[in-house]
Amino acid sequence: MEQPQYLVARLRRALAEDPRTAELGVQVTIRGDVVVLCGEVSSENCKQQMETVVHEQLPHARIHNDVHVNRPTAPVETETLEPDGPGRS
């Protein structure tokens with residue numbers, strides 16, 4: 001059986017290199033016979049594709065997908081920039 005650290009490295013590489021996911025910021029851990037995914041992605045589709053990629057690598061693995069979808073929103077307040085910064089005349 002593959003050592004957990006090598007398995008994690010293989011899964012992280014698959015998630016980073018697969019064009020469906022291309023994710024570097026998601027953490028992968030192995031807890032017993034469960035693959036745990038943690039982090040943030042930009043869409044629900046990306047979150048689901050991550051499970052697909054892991055299942056392709058480990059068809060019989062149980063997956064706990066704790067990835068959160070971070071939907072970017074427009075700023076609520078406007079920022080005012082002064083033309084002359086502090087200490088400038």
Side-chain angles (χ1 to χ4, degrees):
M1 181 174 184
E2 194 170 5
Q3 294 292 319
Q5 64 269 24
Y6 296 123
L7 185 55
V8 166
R10 179 164 58 108
L11 293 174
R12 290 192 71 208
R13 181 175 180 178
L15 291 170
E17 293 179 353
D18 193 296
R20 295 171 291 180
T21 53
E23 280 297 329
L24 294 172
V26 173
Q27 297 176 5
V28 179
T29 55
I30 306 291
R31 295 184 187 155
D33 62 345
V34 178
V35 176
V36 181
L37 303 173
C38 297
E40 291 185 357
V41 294
S42 60
S43 71
E44 187 66 35
N45 182 51
C46 186
K47 177 180 177 175
Q48 296 305 317
Q49 290 296 334
M50 293 179 71
E51 285 191 39
T52 301
V53 170
V54 172
H55 271 300
E56 289 171 355
Q57 296 291 315
L58 301 170
H60 303 294
R62 294 187 317 158
I63 300 172
H64 178 78
N65 192 341
D66 196 26
V67 172
H68 298 280
V69 177
N70 183 11
R71 296 185 189 352
T73 58
V76 179
E77 300 175 15
T78 53
E79 180 180 5
T80 304
L81 300 176
E82 297 180 22
D84 294 321
R88 295 187 182 180
S89 306

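These figures come from a predicted structure and were not determined experimentally.
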Are any non-hydrogen side-chain atoms of [X] and [Y] less than 4.5 angstrom apart?
X     : Y     : value
Glu17 : Leu15 : no
Leu11 : Leu37 : no
Val54 : Asn65 : no

Report the distance from atom [atom1] of [X] to atom [atom2] of [Y], rounding to the nearest 0.5 Å.
X     : Y     : atom1 : atom2 : value
Thr29 : Asp66 : OG1   : CG    : 9.5 Å
Gln27 : Glu40 : CD    : CD    : 11.0 Å
Gln3  : Ile30 : CD    : CD1   : 12.0 Å
Cys38 : His64 : SG    : NE2   : 6.5 Å
Arg13 : Gln57 : CZ    : CD    : 10.0 Å

Over all atoms of both residues, closest heavy-atom pair of [X] and [Y]:
X     : Y     : value
Thr21 : Ala14 : OG1-O, 4.3 Å
Arg62 : Val34 : NH2-CG2, 2.9 Å
Ala61 : His55 : O-CE1, 3.4 Å

Suppose we screen for side-chain contact (heavy atoms from CB on, under 4.5 Å). Which residues come up paired with Val69, at least two apart in sequence or across chains?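 Checked Val69 against side-chain contact (heavy atoms from CB on, under 4.5 Å); matches are Val41, Glu44, Lys47, Arg71.
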
Are Met50 and Val36 connected, step by step, through hydrophobic side chains (Ile, Leu, Val, Met, Phe, Trp, Tyr) whose heavy atoms are closer than 4.5 Å?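 Met50 and Val36: separate clusters.
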
How about CZ on Arg10, more than 12 heavy atoms from neighbouring residues, nucleotides or ligands closer than 6.0 Å, or not?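 Yes, the 6.0 Å shell around CZ holds more than 12 heavy atoms from other groups.
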
